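Worksheet: one structure, shown below.
Quantities reported herein were computed from a predicted structural model and do not represent experimental measurements. The basis for the numbers below is simple: all heavy atoms, side chains too, and nothing from hydrogens, waters or symmetry mates.
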Amino acid sequence: MSRRLGRRFFARSPIELAPDLLNKVIVTPVGSARLVEVEAYCGTDDPGSHAYRGPTPRTEVMFGRAGHLYVYFTYGMHWCANVVAEHQGTAGAVLLRAATPLTGIDGMYERRVKANRPHDLCSGPAKLCQALGIDGEYNGLDLAASAFGVSIRDDGTPPPSRPAQGARVGLSRGVDLPWRWAVPGVKDVSRPRL
DNA sequence: ACCGGGATGTTCT
DNA sequence: GAACATCCCGGTG
């Protein structure tokens with residue numbers, strides 16, 4: 001029993017949205033996983049954001065409607081997925097960094113050939129995408145609509161009342177901003193541990 | 001455990 | 001031509 005998150009849930013500041021996404025469930029046609037680590041990216045105000053220098057063909061969806069997926073390709077081999085926040089015209093997004101696998105786990109091991117343990121399946125933004133079969137085809141997809149079997153859902157598990165919080169990972173600008181959140185004590189988070 | 005380097009190609013300067 | 005919201009492997013301690 002779970003309910004799909006709607007537009008209103010996503011249409012606010014990434015800093016408010018990000019911690020509220022903890023313990024929500026992401027569902028794709030090949031499986032599902034509980035989100036345990038996220039990062040906020042605050043558009044044109046945030047030197048660490050892809051949208052900092054204004055819209056480009058790549059970042060167009062970050063400026064669009066809340067609840068769409070922003071999926072980008074990086075380091076020549078990896079996909080990473082964000083949920084778009086804010087209202088149309090204002091860029092903002094939450095990077096999905098790590099999750100605990102729930103269903104479709106056999107398939108996750110097949111796609112994540114190097115993984116030997118459950119907490120190696122979704123413990124990083126690119127691992128999560130590979131495990132759940134998310135790639136560039138998912139860019140711009142609307143999570144708040146029917147969306148080809150893709151959604152983020154509330155199954156009744158609340159976000160942690162005291163999430164772990166710290167600096168974001170892998171940036172050269174905006175490194176100081178504490179806009180990374182995680183569920184404390186879970187094994188499926190990315191490195192470095194909060 | 002922690003650290004350093006290589007892979008690999010798109011995006012933007 | 002440089003940078004890149006990463007991952008994996010092999011070194012060392």
**OP:** Salt-bridge test for Arg34(A) and Asp155(A): reply yes if a basic N is under 4.0 Å from a carboxylate O, no otherwise.
**Re:** yes
**OP:** Give a yes/no verdict on a cation-pi contact between Arg65(A) and Phe63(A), requiring under 6.0 Å between NZ or CZ and the six-membered ring centre and an angle within 45° of the axis.
**Re:** no
Subject >> Enclosure of Gln165(A) CD (heavy-atom neighbours >12, cutoff 6.0 Å) >> reply: yes
Original post:
Given Watson-Crick or G-U pairs with both distances under 3.5 Å, what dot-bracket string fits DNA chain C, with | for other-strand pairs and [ ] for crossing?
Top reply: ||||.|||||||.
Original post:
Between Gly124(A) and Ser172(A), which has a closest nucleotide on DNA chain C that is more 5'?
Top reply: Ser172(A)
Original post:
In whole angstrom, what separates His50(A)'s NE2 from dA3(C)'s P?
Top reply: 15 Å
Original post:
Is Asp20(A) salt-bridged to Arg12(A), going by a charged N under 4.0 Å from an acidic O?
Top reply: yes
Subject >> Within 45° cone and under 6.0 Å: Arg168(A) NZ/CZ vs Tyr41(A) ring >> reply: yes
**OP:** Could you encode protein contacts along nucleotides 7-13 of chain B as a string, one character per nucleotide from 5' to 3', using B for base contact, S for sugar-phosphate-only contact and - for no contact, with a heavy-atom cut-off of under 4.0 Å?
**Re:** BBBSSSS
Subject >> Note: Glu37(A)-Arg180(A) ion pair, threshold 4.0 Å (strictly below) >> reply: yes
Subject >> Interatomic distance where CZ belongs to Arg191(A) and P belongs to dC2(B) [whole Å] >> reply: 7 Å
**OP:** Following the transitive rule for hydrophobic clusters with a side-chain heavy-atom cut-off under 4.5 Å over Ile, Leu, Val, Met, Phe, Trp and Tyr, establish whether Leu128(A) and Val186(A) coincide in one cluster.
**Re:** yes
Original post:
According to the 5.5 Å centroid and 30° plane-angle thresholds, does Tyr72(A) stack upon the nucleobase of dA5(C)?
Top reply: no
**OP:** Quick one: closest heavy-atom pair of Val71(A) and Asp135(A), and the distance?
**Re:** CG1-O, 3.5 Å
Subject >> Candidate list Arg112(A), Arg111(A), Lys114(A), test side chain to side chain donor-acceptor pair (under 3.5 Å), partner Gln130(A), passing option >> reply: Arg112(A)
Under 3.5 Å, N/O pairs linking protein and nucleotides 8-13 of chain C:
from   : atom 1 : to        : atom 2 : distance (Å)
dC8(C) : OP1    : Arg112(A) : NH1    : 3.0
dC8(C) : OP1    : Arg112(A) : NH2    : 3.2

**OP:** Send over the distance from Leu96(A) CG to dT6(C) P, rounded to a whole Å.
**Re:** 13 Å
**OP:** Mind calculating the distance between CG (Leu128(A)) and C1' (dA5(C)) to the nearest angstrom?
**Re:** 13 Å
**OP:** Examine dT6(C): is either OP1 or OP2 under 4.0 Å from a nitrogen or oxygen in the side chain of Arg97(A)? Give yes or no.
**Re:** yes
Original post:
Can you check whether Phe73(A) and His78(A) have ring centres sitting under 6.0 Å from each other?
Top reply: no
Original post:
Between Arg7(A) and Asp142(A), is there a side-chain N and carboxylate O pair less than 4.0 Å apart?
Top reply: yes
